[in-house]
**Q** 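Input: one structure, supplied below.
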Amino acid sequence: MRSKKSSGPEQLGLHFDVVGLLAGVDEAGRGPLAGPVVAAAVILDDLNPIAGLDDSKKLTARTRERLFDEIRAKALCACIAEATVEEIDRLNILHATMLAMKRAVEGLRLKPAKVLVDGNRLPVLKVAAEAIVQGDAKVQAISAASILAKVHRDRLLQTLHEAHPEYGFDGHKGYPTAEHLEALRRHGACVHHRRSFAPVREVISLTVVSSA
């Protein structure tokens with residue numbers, strides 16, 4: 001998003017007093033029991049607008065896929081980054097999410113003057129940043145980042161499903177649905193499960209006890 005003295009979606013009552021480029025940042029995958037957490041950073045082009053941007057959770061999978069390609073084609077620049085399952089287990093999910101966001105911002109080809117982050121926590125960055133609660137529904141650059149992160153992660157989980165079809169990753173995308181929890185109990189945890197998350201930890205504990 002290009003900005004002069006001020007910029008922001010006026011229809012939402014938002015106003016950002018900044019000179020330079022604005023980047024939106026969001027994540028996908030904090031809640032699942034498996035797979036990495038993904039973050040994206042996007043700087044939109046005001047001269048090349050994208051219609052239909054919104055919180056990725058409010059969009060259909062088909063619409064997200066279409067917008068994913070349009071964002072990649074029209075944005076001034078964008079970066080998608082991850083924090084691995086090992087990093088999630090070692091750092092905890094909050095710090096791993098902040099790490100993925102930091103990597104996404106630092107991976108941008110252009111340096112933003114300010115970063116707008118969805119939520120109420122900020123990663124440690126070398127540029128000015130502001131946290132915006134429900135920003136993915138308020139700021140188009142954050143909406144775009146939420147779509148990139150969500151689609152990228154969904155594609156990763158489809159790949160995991162092909163390697164481990166017994167868990168049904170293509171359907172629940174790693175979230176703790178009844179189907180996923182039952183598959184965990186039946187098959188145990190695989191290498192892609194987050195061992196620091198209670199349902200996975202409990203299954204591993206039961207497996208250790210039963211084999212002792």
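What you see below is based on every heavy atom in this structure, not just the backbone, and it leaves out hydrogens, waters and symmetry mates. One is the number of the first residue; the rest follow in order along the sequence.
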**Q** Using side-chain contact (heavy atoms from CB on, under 4.5 Å) as the criterion, list what pairs up with Asp54, not counting sequence neighbours.
**A**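 Once residues adjacent in sequence are excluded, the partners of Asp54 under the side-chain contact (heavy atoms from CB on, under 4.5 Å) criterion are Lys58, Leu59, Ala137.
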**Q** Between Lys138 (side chain) and Asp118 (backbone), is there a donor-acceptor pair under 3.5 Å?
**A**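 Checked: no pair found.
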**Q** Hey, could you give me the CG/CD1 distance between Asp69 and Ile147, rounded to the nearest 0.5 Å?
**A**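 It comes to 11.5 Å.
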**Q** Is there a side chain to side chain contact (heavy atoms under 4.5 Å, CB included) between Glu162 and Phe169? Walk through the geometry before answering.
**A** CA-CA 9 Å; Glu162 293 166 5; Phe169 288 135; over 6 Å; no
**Q** Taking it one step at a time, do Met98 and Leu122 satisfy side chain to side chain contact (heavy atoms under 4.5 Å, CB included)?
**A** CA-CA 7 Å; Met98 295 298 106; Leu122 290 172; 5.7 Å; no
**Q** Ignoring hydrogens and geometry, is there a side-chain-to-backbone donor-acceptor pair from His192 to Ala34 under 3.5 Å?
**A** no
**Q** Ala100 and Ala83: which non-hydrogen atoms are nearest, and at how many Å?
**A** CB-N, 3.9 Å
**Q** side-chain contact (heavy atoms from CB on, under 4.5 Å) with Asn48: which of Ile50, Asp45, Asp46?
**A** Asp45
**Q** If you measure from CZ on Arg201 to CG on Leu206, what distance do you get to the nearest 0.5 Å?
**A** 12.0 Å
**Q** Mark yes when over 12 heavy atoms from residues, nucleotides or ligands other than Gln158 sit less than 6.0 Å from its CD; otherwise mark no.
**A** yes
**Q** Can you list everything that forms a side-chain contact (heavy atoms from CB on, under 4.5 Å) with Thr84? Sequence neighbours excluded, please.
**A** Glu86, Glu87
**Q** If I compare all heavy atoms of Pro112 with all of Val127, which pair ends up nearest, and what's the gap?
**A** O-CG1, 3.6 Å
**Q** Using a 3.5 Å distance criterion without hydrogens, assess whether the side chain of Asn120 forms a donor-acceptor pair with backbone atoms of Val133.
**A** no
**Q** From Ile88 CD1 over to Arg194 CZ, what is the distance, rounded to the nearest 0.5 angstrom?
**A**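 If I round to the nearest 0.5 Å, the distance is 3.5 Å.
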**Q** Has Arg121 got more than 12 heavy atoms of other residues, nucleotides or ligands less than 6.0 Å from its CZ?
**A**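 At most 12 heavy atoms, drawn from other residues, nucleotides or ligands, come within 6.0 Å of this atom.
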**Q** Less than 4.0 Å between a side-chain N and a carboxylate O, is that true for Glu27 and Arg153?
**A**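 Result for this pair is no, no salt bridge flagged.
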**Q** Hydrophobic cluster membership, with links at side-chain heavy-atom distances under 4.5 Å among I/L/V/M/F/W/Y: are Ile204 and Leu33 in one?
**A** yes
**Q** Whether the side chain of Arg103 engages the backbone of Glu82 through a donor-acceptor N/O pair (distance < 3.5 Å, no angle test) should be reported.
**A** yes
**Q** Run through Leu44, Ile43, Val42 and flag the one making a side-chain contact (heavy atoms from CB on, under 4.5 Å) with Leu76.
**A** Ile43
**Q** Answer with yes or no whether the hydrophobic clustering places Ile132 together with Met101; edges join I, L, V, M, F, W, Y residues whose side-chain heavy atoms lie under 4.5 Å apart.
**A**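 No, no single cluster joins them.
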**Q** Please name the pair of heavy atoms, one in Pro123 and one in Val117, separated by the smallest distance, quoted to 0.1 Å.
**A** CD-CG2, 4.2 Å
**Q** Would Glu65 and Arg62 pass as an ion pair if we require N to O under 4.0 Å?
**A**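 No, this pair does not count.
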**Q** Quick one: pull up CZ in Arg109 and SG in Cys79 and give me the separation to the nearest 0.5 Å.
**A**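 Rounded to the nearest 0.5 Å, the CZ-SG separation comes to 12.0 Å.
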**Q** Should Leu148 and Phe68 count as side-chain neighbours, where that means a heavy-atom distance under 4.5 Å?
**A** yes
**Q** Is a donor on one side and an acceptor on the other found under 3.5 Å between the side chain of Arg185 and the backbone of Val203?
**A** no
**Q** With no hydrogens and no angle check, is any side-chain donor or acceptor of Ser143 less than 3.5 Å from a backbone partner on Leu53?
**A** no
**Q** Measure the CD1-CG distance between Ile142 and Asp136 for me, rounded to the nearest 0.5 Å.
**A**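 Separation between the atoms: 7.5 Å.
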**Q** Decide yes or no on ring pair (Phe, Tyr, Trp, His ring centres under 6.0 Å) for His193 and Tyr167, but give the supporting numbers first.
**A** CA-CA 11 Å; His193 279 102; Tyr167 295 104; 4.9 Å; yes
**Q** What closest approach, in Å, do Ala149 and Ala40 show between heavy atoms, and which atom pair accounts for it?
**A** N-CB, 3.9 Å
**Q** Roughly how far, to the nearest 0.5 Å, is CZ of Arg195 from CZ of Arg90?
**A** 15.5 Å
**Q** Just one of Leu108, Leu22, Leu125 clears the side-chain contact (heavy atoms from CB on, under 4.5 Å) bar with Val115, so which one?
**A** Leu125
**Q** Are Leu184 and Val85 connected, step by step, through hydrophobic side chains (Ile, Leu, Val, Met, Phe, Trp, Tyr) whose heavy atoms are closer than 4.5 Å?
**A** no
